[in-house]
S.K.: 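Okay, handing you the structure first.
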Amino acid sequence: MATLIEHSSILIIAVPLLIAFLTPLIGMASKKARNAVVIVGLSFVAFLVFALARDVILNGIHTYTLGATSPSLTIPEGAMMPIRIILEVDGVSVFMGIVVAIVSLVAVVYSLSSMKGETGQNRFYTLLLLMVAGAFGMVFTGDLFNLFVFLEITSISGAALVAFKTRFADSQEGGFKYIVVSAVASLMVLFAISLLYAQYNLLNIGALAAAMQYTMLDRIALVILIAAFAMKLGGVPMHMWLSDTYSVAPVSITVLLITVSQASMYALMRIGFILYGVTLDLAVVGWIIIAIGILSMFIGVTMAVRQTDITRLIAYNCVCESGFMLVGFGVGLAVLGNHTALRTYGTTAISGAIFHMINHALFEGLLFLVAGAIFYRIGTRDLNRMGGLGHTMKFTAAFFLLGALASSGLPPFNGFASKILIYESVYQFNPVLTIIGILVSIITLAVFVKAFFSAFTGAVLPKYEDIKEVPKTMIAAMTIFAVIIIIFGLFPGLIVDWIVRPATDALVDQASYINTIMGAIP
Amino acid sequence: MIETLIRNFPLVAAVVLMGIGLYILIFKRNLIKIVMGITILSSSVNLFLVTLGYRTGGIAPIYTDAPEGLMVLPVVQALTLTNIVIAVATSALILSLVIRIYRHTGSLDSKKSRRMKG
Amino acid sequence: MRQFFAWLCLIVLMVFLVIGGFKMIHPFGEPPSAMDQYIIDNSQKEAGSNNVVAAVVFDYRGFDTLGEATVLFAAVTGVLLVLRAGAKKEEA
Amino acid sequence: MSKIVRTVANQLMLFVLVFGLYVIMHGHVTPGGGFQGGAVIASGVVMLIVAFGSGQIKKSLRERRLSLVESSGALLFILVAFAGIGTVFFYNFLVGSRIFGGIPPTGSNPGDVWTGGVIPLMNLGVGLKVIAGLSAAVLALALFSSGEEME
């Protein structure tokens, strides 16, 4: 068991890759075996993630040096800096790992029935596993170039999966937009990485952070990195691709795409808090991120109001919710240098944002799965052509209501638990931001109530009279999300203490991140 | 000024290529041209990376029958190799998507094919 | 308006990069090289490879190469997925 | 294409294969490696597609077989990486052993193929993967744009 945990961080990335390479071979022989292997593999990975999370929270940062003579040997003898690629897993990484593990399992379970009858399933599962491996790699790696490589894995497999339904022109265009945006964003990331490499001749995040001088070139690199990752996560000036992409992908993929966006947000935070840390012009950068957040909240919700397509509505809601997280992180970053402010409300803001990340993945995931279930049965996403579905699809209606209430931040659901943390801490920083946030939440509620009434209530439309409830595996997938949402809503304090608080501490503690890598060398 | 410009010529070339790539991506509407823009952009980043690793008078970092002299930096070359393969992969996938879009809409103009409006 | 804004962004970015390229990057031909020099000195001993780039690609940064191979695998799978036969064409 | 082109392409393919394999297997001694050699052989396949037409090539290069080769190449690569997990994932466990275990003398030397540890094996895996992967992608694009379908 100890060896398993010692190697767990690499196994979490390598096992999905191994299964992905095996899937085409197994799939040629038997479909059932393939599905079983995928599910068993991802469950094993999820188990490893939880074991690793426990270990990291108890024993501190976990490092793994690839190809060295011992996993913990970060700096070889005779060198002053890390040479090899190092996986560095701290509280935030395992937190994101838990998000990816839960969401990927649910996505696979949901796909089992929603993909039934489609051609090309072998390749679908292969790409899905590659995307999961890429997301794990993004959150676990401690090396900037490695981050870029995994970013590319997620974007290429994601784009191919968005275009999965080749009979619709829309999905091809969605895939095209996704890959163009991702390719440009990741090339910008690579350019920024090369600017950093040019000055310090280093690629490891911890070592770079230790050497960081914050010269003009570093500032240029920072601006490019913020722009690229904001583009990748759909922050507002670059949000145009997001609704086109999310609305046309198979829903199980959309759920994973949300997680990948979260991983981009994680990368942004890793760069802001750890790579640059206190050397930043904290207030300026913090306010830039807050501005992106506020714009995302505002534009996301106003665009959501006028949508008639249910998936596009939820996609714009995603833009809006990621605004909340950006505001939380921005406030945390703005007060990072100021110890009293950080202690009184800064860490709370960061905790709220981190907690909102997992909640966002859960409730938006649930909403997308519901939208997918509706599409699976009636074949349209247009709200104006739905009506009375609640009479026959009772579970689906209940899940939609649950997701909508959680998303608009009503107690006692998880959205409330995280939004209240953001509200009360941001209020101490700047009251206007909180007021905007509450307004946006109210409009969100209005949007969802309208959508719920037009889709689920009213008289049963004659053409939908013989619509049945969706298959059991789809219900099961939605139930997993729903149960977790309710648990998180009922016991938010527990969750915050277990996983959110360690993640926050890891994010604001730049010194221990650096010391784990640089070790004895002063 | 001119002297630094000549001295840093590869860097200038990389920046100019990047400008061309971004210009294409922002202003051109033909889907194939967008693919070209991405490829040019990635070439510019590759050029930039390789330039960073050059040492004056350096030799290739291979010891087989190597002449005397400093070796140029190997890590950037590995990074460039990785990025080249990634660029190939990306353009293959984008081209297949473009072919599909062309089959569906009969046009390569992004304005015409863009039916989805927010 | 939009065109103007895009041009502005482009020009500002280029000016920044050119200034950065001229003033702040190390002079062309003299990079800082602590990490790379270690690899050049030790690749024959540690990885047993005369080709230092191969040692970097498959040993020191082997995980990147695994990712790179995965990217290619994903792209090929994606191409075959997107261009697969048997998907009936219907108008969306 | 005409008969002359087809015959010449047929003859050339042998040399392309030999050169590609040389580049792959000497990746740790001379410039080259799995990606480069794989691209050389895949460009040979492209030459055959141009000469004979994609329909002809489809008959001999089945998609199933290409997928098989591609997956096995990727599996070889990742399994070699896994094999080092006794120490650390990606550990070069073959340096100093019987297989490809030679350690070259420090400094300039004539070069020995029997060195490099796991590097030649990984080159081989990547090479197989790239050959099959690029051929499959190019073939699929060529078939699709000429109106035929893969599978």
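Residue numbering restarts at 1 for every chain, and letters A, B, ... go by the order of the sequence lines.
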S.K.: Select one option (side chain, backbone, both, neither) describing which atoms of A:Leu17 are under 4.5 Å from chain C's heavy atoms.
M.R.: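 Answer is side chain: those atoms of A:Leu17 sit under 4.5 Å from chain C.
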
S.K.: Please state whether the side chain, the backbone, both or neither of A:Ile179 comes within less than 4.5 Å of a heavy atom of chain C.
M.R.: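 A:Ile179 has no heavy atom closer than 4.5 Å to chain C.
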
S.K.: Got a second to check how far A:Thr166's OG1 is from C:Arg84's CZ, nearest 0.5 Å?
M.R.: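 Between A:Thr166 OG1 and C:Arg84 CZ, I get 4.0 Å after rounding to 0.5 Å.
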
S.K.: Under 4.5 Å heavy-atom distance to chain C, tell me which part of A:Phe164 shows up: side chain, backbone, both or neither.
M.R.: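 Both parts, backbone and side chain.
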
S.K.: Looking at chain C, which one of A:Asn146, A:Thr154, A:Leu161, A:Thr69 has the largest number of heavy-atom pairs inside 4.5 Å, strictly under?
M.R.: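 Heavy-atom pair counts peak at A:Asn146.
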
S.K.: Side chain from CB out, backbone as N, CA, C, O: work out which of these in C:Pro31 comes under 4.5 Å of a heavy atom of chain A, or both, or neither.
M.R.: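 For C:Pro31, neither part sits under 4.5 Å from chain A.
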
S.K.: Pick one of side chain, backbone, both or neither for A:Leu127, based on which atoms fall under 4.5 Å of a heavy atom in chain C.
M.R.: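 When you check distances to chain C, only side chain atoms of A:Leu127 fall under 4.5 Å.
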
S.K.: Given the options A:Ala198, A:Ala207, A:Ser157, A:Gly175, which has more heavy-atom pairs under 4.5 Å with chain C than any of the others?
M.R.: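 Ranked by contacts with chain C, first place is A:Ala198.
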
S.K.: Would you say the ring centroid of C:Phe63 lies under 6.0 angstrom from that of A:Phe150?
M.R.: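 Close enough - the centres of the two rings lie under 6.0 Å apart.
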
S.K.: Identify which part of A:Ala133 has an atom lying under 4.5 Å from any heavy atom of chain C, answering side chain, backbone, both or neither.
M.R.: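 When you check distances to chain C, no heavy atom of A:Ala133 falls under 4.5 Å.
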
S.K.: What part of A:Pro82 lies closer than 4.5 angstrom to a heavy atom of chain C: side chain, backbone, both or neither?
M.R.: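 The backbone, not the side chain.
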
S.K.: So does A:Arg219 have more than 12 non-hydrogen atoms from other groups sitting under 6.0 Å from CZ?
M.R.: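 Enclosed: over 12 neighbouring heavy atoms sit under 6.0 Å from CZ of A:Arg219.
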
S.K.: Flag yes if more than 12 heavy atoms outside A:Met240 fall under 6.0 Å of its CE atom; otherwise flag no.
M.R.: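 It does not: A:Met240 CE has 12 such atoms or fewer within range.
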
S.K.: Applying side chain to side chain contact (heavy atoms under 4.5 Å, CB included), run through C:Phe73 and A:Ile153 and close with a yes or a no.
M.R.: CA-CA 10 Å; C:Phe73 187 82; A:Ile153 292 179; over 6 Å; no

S.K.: What are the two closest non-hydrogen atoms of A:Ala160 and C:Leu81, and how far apart are they?
M.R.: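 So the minimum-distance heavy-atom pair works out to O-CD2, 3.7 Å.
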
S.K.: Go through C:Val71, C:Asp64, C:Val79 and name the one with the most non-hydrogen pairs under 4.5 angstrom from chain A.
M.R.: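 So the answer, after comparing C:Val71, C:Asp64, C:Val79, is C:Asp64.
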
S.K.: Flag the one option from C:Asp41, C:Thr70, C:Leu66 with the top tally of heavy-atom pairs under 4.5 Å to chain A.
M.R.: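 Among the listed options, the one with the most contacts to chain A is C:Thr70.
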
S.K.: Measure distances from C:Glu46 to the heavy atoms of chain A and classify the residue's part below 4.5 Å as side chain, backbone, both or neither.
M.R.: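 The answer is the side chain of C:Glu46.
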
S.K.: What part of A:Asn122 gets within 4.5 angstrom of chain C, counting heavy atoms only: side chain, backbone, both, or neither?
M.R.: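 For A:Asn122, no heavy atom lies under 4.5 Å from chain C.
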
S.K.: Please find the pair of heavy atoms, one from C:Met35 and one from A:Asn201, that lie closest to each other, and give the distance.
M.R.: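 Closest approach of C:Met35 to A:Asn201: N-ND2, 3.1 Å.
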
S.K.: Quick check on C:Ile39 against chain A: is it the side chain, the backbone, both or neither that has a heavy atom closer than 4.5 Å?
M.R.: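 For C:Ile39, side-chain heavy atoms alone lie under 4.5 Å from chain A.
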
S.K.: Within the structure provided, determine whether A:Leu66 and C:Arg61 are in side-chain contact (heavy-atom separation under 4.5 Å).
M.R.: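 Side chain of A:Leu66 against side chain of C:Arg61, heavy atoms only: no contact under 4.5 Å found.
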
S.K.: Name the option with the most non-hydrogen atom pairs under 4.5 Å to chain A; the candidates are C:Thr77, C:Val82, C:Asn42.
M.R.: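 That would be C:Thr77.
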
S.K.: Using non-hydrogen atoms and a 4.5 Å limit, figure out which bit of C:Tyr38 sits close to chain A: side chain, backbone, both or neither.
M.R.: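 Just the side chain, heavy atoms under 4.5 Å.
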
